[in-house]
Each structure stands twice: as structure tokens, then as C-alpha cells.
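For reference, the structure is listed below as C-alpha cells.
A, B, ... follow the sequence lines: proteins, then strands. Residue 1 opens every chain. The analysis underlying the following values was restricted to heavy atoms, covering all of them including side chains, and did not include hydrogens, waters or symmetry mates.
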Protein chains: 2
Amino acid sequence: MPGHRSITEAEKLAAAKLGGIPIRREQMAVVANIHRAASAVRQHLENSVLRGSDLTWTAFVVLWVVWIWGESETRHVAEEAGISKGTLTGVARTLEARGLMRRGGHPTDGRLVLLSLTGEGEELMRRVFPQFNEEEAFVAEQLDDDECRSVADGLRRVVLQVEEHGEERRRALLNGAEPALRRSGRRPKPKA
Amino acid sequence: MPGHRSITEAEKLAAAKLGGIPIRREQMAVVANIHRAASAVRQHLENSVLRGSDLTWTAFVVLWVVWIWGESETRHVAEEAGISKGTLTGVARTLEARGLMRRGGHPTDGRLVLLSLTGEGEELMRRVFPQFNEEEAFVAEQLDDDECRSVADGLRRVVLQVEEHGEERRRALLNGAEPALRRSGRRPKPKA
DNA sequence: ACATTACCGTTCGGACCCAAATTGTACGAA
DNA sequence: TTCGTACAATTTGGGTCCGAACGGTAATGT
């Protein structure tokens with residue numbers, strides 16, 4: 001492990017400002033850089049390949065999930081795409097209107113809706129995904145294959161940690177307190 | 001959780017589906033996991049510490065930037081927070097209305113607006129940030145300090161790559177073609 | 001049989017987000 | 001002085017996003 005990598009100016013300032021407060025610096029840096037990287041990568045991909053096909057990031061992710069998994073129930077697609085059910089409803093409707101996606105009822109359970117790609121959707125993904133992957137390679141250009149694997153593995157462990165222990169942790173933190181509703185979103189119904 | 005689809009399973013399916021297409025798999029995995037991790041971490045932090053203080057993710061990031069950097073010009077805050085200037089105007093107005101942030105004019109350049117925290121804002125950050133950092137430590141619990149440094153360093157190189165060569169790359173890809181405007185956003189005024 | 005409970009996708013309200021258009025300040029040139 | 005250009009933040013318009021409430025279907029009492 002090479003000794004001292006360049007630390008951003010922000011991280012140095014933070015360390016100074018937080019001089020008096022005990023801080024887990026490495027963990028702070030990893031979280032901060034996850035979001036920096038996510039934002040930078042997303043912006044690059046949107047502005048290079050996605051805009052050319054008139055797709056938003058979310059729309060592309062939804063198409064990708066259904067492409068890879070095949071016909072799927074909406075809740076699984078939302079989960080896998082990392083968006084809420086409500087958001088998926090709108091995105092799926094848009095994609096359906098553009099002829100890229102199909103919405104079908106479940107044969108035995110009337111509550112479910114199944115999503116699948118149309119032929120046009122399949123064709124789009126076969127055309128767009130290679131371009132997308134090309135830009136993934138570009139953004140990761142400074143990492144060799146081993147480093148990619150190593151970083152991906154570290155991130156996978158972060159995701160696993162939250163998926164496996166996140167809810168329990170949140171319960172423990174609130175410890176019986178009210179879940180504290182969001183500032184935005186629909187107001188709870190005034191209880192009788 | 002029956003039928004739960006784990007990450008590694010998704011990656012295996014992708015590899016199968018893409019069997020015929022030549023793909024940079026390691027680079028694909030790193031990008032995918034950056035976004036999975038970003039989404040998981042953000043959701044955990046919003047639902048654990050941020051909601052309790054009635055802060056959105058964006059509002060917290062803006063407060064954090066001004067806290068760390070001290071009184072700053074809005075364009076720098078927007079840049080550092082990773083949001084557009086227009087978005088910042090709204091967020092700053094909300095935070096000002098809640099008494100957490102102050103907006104002042106620049107002493108010599110009347111075009112600039114300076115943001116700074118009020119005493120109440122400072123106090124909020126001194127109270128909330130340690131909780132926030134505690135959860136940063138939680139999500140990174142499966143990584144030791146060296147692994148955190150290593151992952152953070154890899155991500156930093158991704159950010160640097162996009163920041164330094166992204167625009168050039170996009171120009172090369174479009175190669176003189178129109179920038180292809182967004183589906184959303186205000187329409188350009190039709191030029192006479 | 002019928003009420004209850006559980007779960008699913010959709011609707012709705014408020015906040016967020018970008019980028020174009022707008023408004024306003026600064027400053028050098030004519 | 002009066003332009004004109006440059007650059008600042010803000011407003012505006014189209015749209016995304018989450019999560020509570022909603023309406024509907026399935027499963028489970030009783």
C-alpha cells in the first residue's frame with residue numbers, strides 16, 4: 001500500500017475543523033468519496049452516452065435490471081434499481097409509452113405487475129450497453145483490474161453491512177422513539 | 001427473505017446475459033457497486049440521524065460544506081456540495097428560514113452572496129455531525145482502517161479521472177454533434 | 001361466509017434538481 | 001458618460017424522487 005495518496009483540500013480542512021472532536025477519519029473519507037465518485041460517474045455517463053439515447057440515469061438502470069433479470073415483479077425491480085416503488089411506477093409508465101417496456105399482469109396473483117422489455121427495448125440495450133460499458137472503463141481507467149476488484153469488493157461489503165444490519169441498527173438508535181417523519185412527502189393522516 | 005436477490009447473484013446473471021458481448025467486467029462491477037453503496041449509505045444516514053434533525057441529505061451536505069469551509073461564496077458551495085447553483089438557492093433559502101444559515105453580501109463585489117452558519121447552525125452541526133460520523137463508521141464496519149484508505153483512494157482516482165479528462169472525453173465522443181438536450185428542464189428560447 | 005389482516009402497485013404532496021432565461025453588478029472601451 | 005461584455009445569483013419550467021395514503025387482491029382467521 002503506497003504511503004500517502006493525495007488527500008483533497010476538503011479533507012484537510014475537515015481534519016483541522018474537527019481537531020477537537022474525536023472522529024473516525026478513514027470511515028468519513030470512504031463515505032465522502034463514495035458519493036463524490038457516484039456523482040461524478042453518473043454525470044459523466046448521463047452527459048456522454050445516456051443523453052444521446054434520451055434516457056435518464058434512473059430509466060437506464062430500470063431497463064438494465066429488467067434486461068438482466070428478465071420479466072420481473074415491480075417490487076423486485078425497484079429494490080434492485082435502488083428506487084422506491086412510487087418512482088418506478090412513473091418511470092415504467094414513461095418507458096412503456098416509449099415502446100421500450102411492457103407491463104403485464106401476473107397469471108395467478110392479481111396484485112402483481114410484471115415488467116419486461118419489448119423487442120425495441122432489447123435492441124436499445126444491445127446498442128447502448130456497450131457504449132455505457134466503454135465509459136465505465138473510461139472512468140475506471142486509473143485502476144487496473146486488480147484494483148477494480150479490490151474496490152468493488154470493499155464497496156460490496158459496505159452494501160452488505162447496511163442490508164444485513166441496517167434496519168436493526170436504526171431500530172436500536174431510535175430505541176422506541178417515533179420514526180420522525182420527513183419534511184417532504186405526503187402528510188400522515190391525522191389520527192382519529 | 002425468500003427470493004431475495006443478492007449482489008453477487010446479480011453480477012453472475014449479468015455475466016451470463018452478456019456472454020456474447022465483450023465486456024469490461026471489473027470496471028462494470030466497480031461502477032455498479034459505487035452506486036449501490038452510495039444509495040445504501042445515503043438511505044441509512046437519512047433514516048437514522050438526518051430525519052431526527054429534520055434535514056435532507058442535500059441540506060446536510062450544504063451545512064457541512066459551509067461549516068468546514070467557513071463563510072463562502074455560493075458558487076463554491078454549490079460546486080463542493082455537488083449541486084447546481086439554482087438548487088443551492090432554494091436549499092439556502094430553506095436553511096435561512098430555519099435560522100441555521102445566514103446570507104450576506106460581499107463587501108466589495110455586489111454580485112456575490114456569502115453563506116455562513118448562524119450560532120444555531122454551528123450548534124446543530126456540533127451535535128449532528130458526531131452522530132453522522134458514528135453511522136459512517138457503522139456502514140464501513142466490515143472494512144478496517146487500511147481497507148478504508150485503500151477504497152477511498154481508489155474512488156478518489158475515479159473522481160480525478162472524470163474531473164481531469166471527462167469533458168475532453170465527452171467532446172471526443174460527440175465529435176462536433178449537438179450536445180443533445182435533456183428531456184427535462186426549461187426549453188431554450190426559440191431564436192428569432 | 002365474512003371480517004380481518006397482509007401485501008401489492010398507484011396516487012399524491014412536498015422537496016429537490018438541472019439548465020435556460022432573467023436580473024443585477026462590475027469594469028474596460030469608445 | 002454610455003456602451004458592451006463578463007460574470008454573479010436568482011427565477012422559472014419541466015421533471016425526478018421519496019414515502020404516506022389509497023384502493024384493490026390474496027390469504028387467514030372465526
Side-chain angles (χ1 to χ4, degrees), chain A residues 39 42-43 46-47 50-51 54-62 72-79 81-97 103-115 178-192, chain B residues 1-3 39 42-43 46-47 50-51 54-62 72-79 81-98 103-115 179-191:
Chain A
S39 163
R42 174 173 171 164
Q43 207 159 330
E46 283 180 338
N47 291 336
L50 262 28
R51 287 245 291 248
D54 198 17
L55 291 172
T56 64
W57 175 267
T58 304
F60 176 80
V61 172
V62 167
S72 308
E73 304 168 14
T74 58
R75 70 212 144 106
H76 293 147
V77 175
E79 160 99 26
I83 60 177
S84 72
K85 297 180 301 169
T87 300
L88 178 58
T89 296
V91 173
R93 192 179 8 231
T94 302
L95 292 173
E96 187 184 28
R103 297 142 61 77
H106 191 280
T108 69
D109 192 332
R111 296 171 300 178
L112 302 179
V113 170
L114 297 175
L115 298 180
E178 289 301 304
L181 50 87
R182 262 191 173 225
R183 175 169 282 280
S184 76
R186 189 167 178 170
R187 295 279 140 250
K189 184 172 74 167
K191 47 181 169 178
Chain B
M1 219 187 272
S39 161
R42 174 171 169 164
Q43 207 158 332
E46 283 180 338
N47 291 334
L50 261 28
R51 288 244 299 248
D54 197 16
L55 291 172
T56 63
W57 176 267
T58 304
F60 177 79
V61 172
V62 168
S72 309
E73 303 170 15
T74 59
R75 68 214 147 106
H76 294 147
V77 175
E79 162 96 27
I83 59 177
S84 72
K85 296 181 299 169
T87 299
L88 179 58
T89 297
V91 173
R93 188 174 19 227
T94 301
L95 292 172
E96 187 183 30
R98 287 182 57 192
R103 297 141 60 78
H106 191 279
T108 69
D109 191 331
R111 297 171 299 177
L112 303 179
V113 170
L114 297 175
L115 298 180
L181 53 85
R182 268 193 168 223
R183 174 173 282 281
S184 75
R186 187 166 179 169
R187 298 276 150 265
K189 188 166 80 168
K191 41 177 150 188

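Residue A/F60 contributes atom CZ, which lies 17 Å from atom P of D/dT16 at whole-angstrom precision. If you take CD of A/E73 and C1' of C/dG9, they are 12 Å apart, rounded to a whole angstrom. Rounded to whole angstrom, the span from the NE2 atom of B/H106 across to the C1' atom of D/dA8 amounts to 11 Å. As a whole-Å value, the separation of A/L50 CG from D/dT16 C1' is 15 Å. Distance, A/E79 CD to D/dC18 P: 12 Å, rounded to whole Å.
In this structure, NE2 on A/H76 lies 10.5 Å from CG on A/L114, to the nearest 0.5 angstrom.
No more than 12 heavy atoms of other residues, nucleotides or ligands sit less than 6.0 Å from atom CD of B/E79.
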Distances for protein N or O near nucleotides 12-18 of chain C N or O, under 3.5 Å:
from: C/dG13; atom 1: N2; to: A/G185; atom 2: N; distance (Å): 3.3
from: C/dG13; atom 1: N3; to: A/R186; atom 2: N; distance (Å): 3.4
from: C/dC16; atom 1: OP1; to: B/T56; atom 2: OG1; distance (Å): 3.1
from: C/dC17; atom 1: OP1; to: B/T58; atom 2: OG1; distance (Å): 2.5
from: C/dC17; atom 1: OP2; to: B/T58; atom 2: OG1; distance (Å): 2.8
from: C/dC18; atom 1: OP2; to: B/S84; atom 2: N; distance (Å): 2.6
from: C/dC18; atom 1: OP2; to: B/S84; atom 2: OG; distance (Å): 3.0
from: C/dC18; atom 1: OP2; to: B/T87; atom 2: OG1; distance (Å): 3.1

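The two residues B/A92 and B/R103 have their closest heavy-atom pair at CB-NH1, 3.8 Å. Shown here for A/S72 and A/V77, the closest heavy-atom pair between the two residues is CB-CG2, 3.7 Å.
If you check every strand for non-hydrogen atoms under 4.0 Å, B/T74 touches sugar and phosphate atoms only.
Side-chain N/O atoms of B/R75 include none lying less than 4.0 angstrom from OP1 or OP2 on D/dT10.
Relative to the side chain of A/N47, the nucleotides C/dG9, C/dA19, D/dT10 differ in distance, and C/dA19 lies closest.
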**Message:** Return a single string for nucleotides 23-29 of chain D, one symbol per nucleotide in 5' to 3' order, where B is base contact, S is sugar-phosphate-only contact and - is none, cutoff 4.0 angstrom on heavy atoms.
**Reply:** -BBS---
**Request:** For A/E73 and A/V113, run side chain to side chain contact (heavy atoms under 4.5 Å, CB included): C-alpha distance rounded to whole Å, both residues' side-chain angles, the deciding distance at 0.1 Å, then the answer.
**Result:** CA-CA 6 Å; A/E73 304 168 14; A/V113 170; over 6 Å; no
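Proximity of B/L112 to B/R75: side-chain heavy atoms (C-beta onward) are separated by under 4.5 Å at one or more points. Inter-residue side-chain proximity for B/L95 and B/L115 is flagged as unmet; no heavy-atom pair is nearer than 4.5 Å. A heavy-atom distance below 4.5 Å is found between the side chains of B/L55 and B/R98. The closest side-chain heavy-atom distance from B/V61 to B/I83 is not below 4.5 Å.
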